[in-house]
Number of protein chains: 2
Amino acid sequence: MTKDVRKIKTERDIQQAMLRLLTTKTFRQITVADICQLSLTSRSTFYAHYLDKYDLLDKMVAYYSTIFNEKVHDRFNQMIDGEIDALVRGLLADMADNRDAIRILFTVHEPEADLEATFHRLLLKEWQQFIKSEAPTMTAPADLIAAMGTNVQMTVIEWALQHGETSIDVVADAVNTIRKAVLLQIKPTMKNK
Amino acid sequence: MTKDVRKIKTERDIQQAMLRLLTTKTFRQITVADICQLSLTSRSTFYAHYLDKYDLLDKMVAYYSTIFNEKVHDRFNQMIDGEIDALVRGLLADMADNRDAIRILFTVHEPEADLEATFHRLLLKEWQQFIKSEAPTMTAPADLIAAMGTNVQMTVIEWALQHGETSIDVVADAVNTIRKAVLLQIKPTMKNK
DNA sequence: ACTAAGATGTTCGAAAACCAACGCACTGTT
DNA sequence: AACAGTGCGTTGGTTTTCGAACATCTTAGT
């Protein structure tokens, strides 16, 4: 039931080729022939794995989205406490291996496949759920605050993807101030923390 | 007549695996199973390409030796002039792609396969030929001077392999002084240069 | 409107790689 | 001496990949 090693290898090669090509060309400009040439796979093999280059992109985005979703869901509860976001720091640690891939895919914005947008959506959903359970009634509109929290975190994530995780320390104070301000809208009792 | 892409890929994978393993273990400690596991190739495929791990090492050494030999032979005549060794600088430029591989293989010293020793031997042969044609009669023993020249160059090569090519500039003066002293033994007429 | 070039997606026989299994040799227990 | 453990090298049937060919489809040039 487990996959043949050859399948794993060709999919790895094809996806690596796609990522490398994306550093040079636009997704639209990339041809299936380009991918095959760089990955040393034959045309027919490519189509044995993917319907077309859109399907390929789709599966890549789906893969990283799944990982992200799992990690977010696991860690979301730890978010409130801790300096900067324990969540964000944890996520970046979890995805250290895939950082290059994610950074590259973040530059691709196709209607069918958009990793950045997907991450944003997943994060927003968790925020909404979080607010609903923690503070059912709020003075400020819940959706607004959820959007705020999401955007703050996304900003940190993207910044760390570009500049490296360690660089988080540089902006920790600034981000913390903002984070606390957002959380204050949800849990006013946290003032004295 | 040209090789199937699949052969190229598996040989590439196997050789990369060998190099990566050599950064961790001794050549003796490495097993065929290790290589197969890391390169994602099956045991039977390995033996379809190589007799055993010694044969693999052998072919890798042979490959880089061939390249080295060609480059040395092409460039040896340009050696005398130019600051530091035009030869050495040229060689390092030619082999920039393979620098990591060569640096790793230089740490392996098996009686049947020793890249460092092979490079040394090839270089020495060129020096002997050079002296024979340029200065058939010399006061100092030709073999001694050939050995000197070879060792000076090998030292620079190994130093550059470790520290990067640009770092040659740092030691250029020192090496040049020595190089000139060696060449003076061959061509006393160069005093005034 | 015609053509040439390049890209897509499919088909099929041949070549290569996989994998599970086997026998063998060597080493270190108990 | 029997034993398990590990590494070597080989075998044969199965699966995957390759390569070359083919029929579209789009796009640019004359």
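Here is how names work: the chains are called A, B, and so on, in the same order as the sequence lines, proteins then strands, and each is numbered from 1.
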Under 3.5 Å donor-acceptor pairs involving side-chain atoms of residues 12-20 of chain B, not counting sequence neighbours:
| from | atom 1 | to | atom 2 | distance (Å) |
| --- | --- | --- | --- | --- |
| B/Q15 | NE2 | B/Y50 | OH | 3.2 |

Check for a donor-acceptor pair, side chain of [X] on one end and backbone N or O of [Y] on the other, with a separation under 3.5 Å.
X	Y	value
B/K53	B/R28	yes
B/D34	B/T31	yes
B/D52	B/Y54	yes

Pair assignment for DNA chain C - dot-bracket with | for other-strand partners, Watson-Crick or G-U under 3.5 Å: ..|||||||||||||||||||||||||.||
Check: B/V72 and B/L91 side chains under 4.5 Å, non-hydrogen atoms: yes
Test ring-ring contact (aromatic ring centres under 6.0 Å, His included) applied to B/F68 and B/F119, B/F76, B/Y63, B/F106, the passing residue: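 That would be B/F119; it is the only one of B/F119, B/F76, B/Y63, B/F106 passing the ring-ring contact (aromatic ring centres under 6.0 Å, His included) with B/F68.
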Residues from residues 12-34 of chain A lying under 4.0 Å of DNA chain C - heavy atoms: A/T31, A/V32, A/A33
Criterion side chain to side chain donor-acceptor pair (under 3.5 Å) against A/E11, the qualifying member of A/K3, A/K59, A/R6: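 Of the listed options, the one satisfying the test is A/K3.
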Euclidean distance, atom CG of residue B/L56 to atom C1' of D/dC8 [Å, nearest integer]: 15 Å
Value in whole Å for how far the C1' atom of C/dT10 lies from OH of A/Y50: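 A/Y50 atom OH is separated from C/dT10 atom C1' by 19 Å.
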Show every donor-acceptor pair shorter than 3.5 Å between a side-chain atom in residues 154-165 of chain A and any protein atom, with sequence neighbours excluded, or say none if there are none.
| from | atom 1 | to | atom 2 | distance (Å) |
| --- | --- | --- | --- | --- |
| A/T155 | OG1 | A/N151 | O | 2.6 |
| A/H163 | ND1 | A/W159 | O | 2.9 |
| A/E165 | OE2 | A/R99 | NH1 | 3.1 |

Sequence-aligned protein contact record of nucleotides 15-27 of chain C, with B where the base is within under 4.0 Å of a protein heavy atom and S where only the sugar-phosphate is: BBBBB--------
More than 12 heavy atoms from other groups under 6.0 Å of NE2 on B/H73: no
Short side-chain N/O contact to C/dG9 OP1/OP2 from A/Y47, under 4.0 Å: yes
Contacts of B/Y64 that satisfy ring pair (Phe, Tyr, Trp, His ring centres under 6.0 Å) - sequence neighbours left out: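 Ring pair (Phe, Tyr, Trp, His ring centres under 6.0 Å) check on B/Y64 returns nothing, list empty.
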